[in-house]
Amino acid sequence: MSAVAEQTQVAPRLLADRINALEESSTLAMTKMARELAAQGHKVISLSVGEPDFKTPAHICEAAKKAIDDGFHGYSPVAGYPDLRKAIADKLKRDNNIDWKPENIVVSTGAKHSLANVIQVLINPGDEVVIFAPYWVSYSEMVKLAEGKSVVINGAFDNDFKVTAAQLEAAITPRTRIVMYASPNNPTGAVYSENELREIAAVIEKHEDVYVLADEIYEYINFTEEGHFSIGSIPALKDRVITVNGVAKGYAMTGWRIGFTAAAKWIADGVEKLQGQVTSGTNSIAQKAATAAFNGPMEPSIEMTKAYARRRDLVVGLLREIPGFKVNMPQGAFYAFPDVSYYFGKSDGTTQINDSDDFSNWLLNNSYVSTVAGSGFGAPDCIRISTAAADESLVEAVQRIKDAVATLK
Ligand SMILES: Cc1ncc(COP(=O)(O)O)c(C=O)c1O
């Protein structure tokens, strides 16, 4: 046996159980496959990745350049620079009606890092985390890493993929520690209204050891008239809501990697303690850029959101013309999430499609459009299509999908 082959056999055995038990991120896996096909010369339209196709606004980039020139080259405080934590506290007051001091805020390396930190800080082995499905792929894996147990409750298609207060009530047990959701939602684009969140809050209020982990990373990409509502603004729950947000989506800053946790002091202190041993304070230059983002003009974000709303209308309109596709109308974020289960059991004569993984793989290999199977999001009948791409690419991608499914019998 060659040394390389020997190593590939040894590696899984010696990897820690917690890593062997972890699923690979399905969004990143699809994006990698799409890149490989593109490298082979295929004209791939990549709609699997969850990031804005816009550039970071100029005033934010300028702040980063200035930070380099001004010499912010050293370690930052573990919880973040004081001016950034103050900018975040101001932002929470202004946009979310949440009253936290800078000491309640911890800055991390993206909202993903913030979410993972909070779960590590609050979950003991066997503790339950109620997750509203469809959910972002990493939630259940973060819970697994903390040796917690995910309790998934499904939002029905007919309720715009949203979970109801009654469903939540039925899912809470004495082991429940966290209820976790994203609004606007990835992958469905669903937005929980103030009323819906007040009903959910009323259930949580009755269970004093249950905390809410509110993922608000798509806050600014919201197409509803009512706008965004933060569950953390409800006074009765103030100390039990952990709000996570960041700059990635609303300011087109995915690569800068800044997220934050806003929570009661003992939770913020726990996150800071963990971060102090694992990552230290996050990137100094990106923190200065994020400070400019939170303190700066919102026009660029508003313009981007207008473009996402227009593309949503375009893509959903075209997808609804495909026979068998059931498509909800996303109220935020930049995804379409059609139910494609009509095609399960059908075949193009060579390949049989049995589930959303088969569907998404088949689409990539036959029409060179990369999407993500809903299975990783807890919605096995659907596929996720990013609408963060140029109009022409979106139109061509949907046409390719339409032509491809016409061959399925
Ligand atoms: C629902 C949701 N939460 C959190 C994140 C992570 O955001 P960040 O890039 O700030 O880590 C994403 C990114 O795709 C997301 O979709």
Side-chain angles (χ1 to χ4, degrees), residues 24-31 46-54 56 60 80 84 88 91 105-119 129 131-143 152 155 161-163 178-192 212-222 228 230-231 242-262 271 275 279 282-283 286-287 289-290 293-294 301 308 330-337 371-372 374 376-379 384-388:
E24 199 186 342
S25 159
S26 54
T27 50
L28 299 184
M30 262 328 253
T31 304
S46 184
L47 303 180
S48 47
V49 66
E51 70 178 336
D53 57 324
F54 296 106
T56 302
I60 300 174
L84 174 53
I88 293 169
K91 174 253 176 295
I105 309 238
V106 182
V107 178
S108 301
T109 306
K112 191 181 228 174
H113 185 206
S114 302
L115 294 167
N117 278 345
V118 171
I119 291 171
V129 178
I131 300 178
F132 293 5
Y135 55 84
W136 184 44
V137 288
S138 298
Y139 288 180
S140 52
E141 301 312 301
M142 289 174 179
V143 173
V152 173
F161 289 114
K162 286 186 274 190
V163 163
I178 293 180
V179 173
M180 184 174 188
Y181 72 92
S183 177
N185 181 275
N186 173 8
T188 64
V191 170
Y192 283 82
V212 182
L213 183 46
D215 178 351
E216 304 195 342
I217 191 75
Y218 291 95
E219 171 188 0
Y220 294 140
I221 309 173
N222 183 321
H228 180 80
S230 292
I231 196 167
I242 302 130
T243 304
V244 165
N245 201 337
V247 294
K249 316 289 179 174
Y251 297 104
M253 293 177 71
T254 47
W256 298 76
R257 310 307 304 131
I258 296 286
F260 66 81
T261 303
V271 170
Q275 203 160 277
T279 55
T282 192
N283 180 291
Q287 287 191 59
F294 288 125
S301 302
Y308 296 132
Q331 301 298 325
F334 40 64
Y335 308 101
F337 200 56
T371 59
V372 188
F377 300 96
R384 191 190 76 173
I385 299 173
S386 168
T387 55

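Note that ligands are numbered from 1 as they come in the structure, with each ligand's atoms numbered from 1 the same way.
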Seminar exercise, completed: Between Ser114 and Thr261, the two heavy atoms sitting closest are CB-OG1, 3.3 Å

Problem set entry | Spacing of Thr282 atom OG1 and Arg257 atom CZ [to the nearest 0.5 Å] | 8.5 Å

Exercise. Is there a side chain to side chain contact (heavy atoms under 4.5 Å, CB included) between Val163 and Tyr181 once you walk through the steps?
Worked result: CA-CA 10 Å; Val163 163; Tyr181 72 92; over 6 Å; no

For this session: Indicate yes or no: does an N/O atom of Tyr218 lie under 3.5 Å from an N/O atom of ligand 1?
Result: yes

Seminar exercise, completed: For Arg257, the atoms of ligand 1 under 4.0 Å from one of its heavy atoms are 8 (P), 9 (O), 10 (O), 11 (O)

Exercise. If you count the atoms of ligand 1 from 1 in the order shown, which ones are under 4.0 Å from a heavy atom of Asn186?
Worked result: 1 (C), 15 (C), 16 (O)

Seminar exercise, completed: For atom 5 (C) of ligand 1, the closest protein heavy atom turns out to be Trp136 CH2, 3.4 Å

Exercise. Taking distance alone, with no angle check, do Ala111 and ligand 1 share an N/O pair under 3.5 Å?
Worked result: yes

Exercise. Could an N or O of ligand 1 be found under 3.5 Å from any N or O of Tyr335, whether backbone or side chain?
Worked result: no

Problem set entry | Per-atom contacts of ligand 1 with Lys249, taking only distances under 4.0 Å to non-hydrogen atoms | 12 (C), 13 (C), 14 (O)

Problem set entry | Polar side chain donor-acceptor pair, Tyr308 to Tyr218, under 3.5 angstrom | no

Exercise. Distance only, no hydrogens: is a donor on one side chain within 3.5 Å (strictly under) of an acceptor on the other, for Ser108 and Gln275?
Worked result: yes

Exercise. Under the criterion side chain to side chain donor-acceptor pair (under 3.5 Å), which of Thr27, Thr371, Asn186 is the partner of Arg384?
Worked result: Asn186

Exercise. Heavy atoms only: which of Asp215, Ile258, Thr27, Asn185 is nearest to atom 2 (C) of ligand 1?
Worked result: Asp215

Exercise. Can you find an N/O atom of Lys112 closer than 3.5 Å to an N/O atom of ligand 1?
Worked result: yes

Exercise. Backbone, side chain, both or neither: what part of His113 comes under 4.0 angstrom of ligand 1, heavy atoms only?
Worked result: neither

Exercise. N/O to N/O below 3.5 Å, does that happen between Tyr139 and ligand 1?
Worked result: no

For this session: Please identify each residue that fulfils ring pair (Phe, Tyr, Trp, His ring centres under 6.0 Å) with Tyr135, with sequence neighbours left out.
Result: none

For this session: Give the minimum heavy-atom separation between Gly50 and Lys249, together with the two atoms involved.
Result: O-NZ, 2.7 Å

Exercise. Which of the atoms in ligand 1, numbered in the order shown and given with their element, are less than 4.0 Å from a heavy-atom of Gly110?
Worked result: 10 (O), 11 (O)

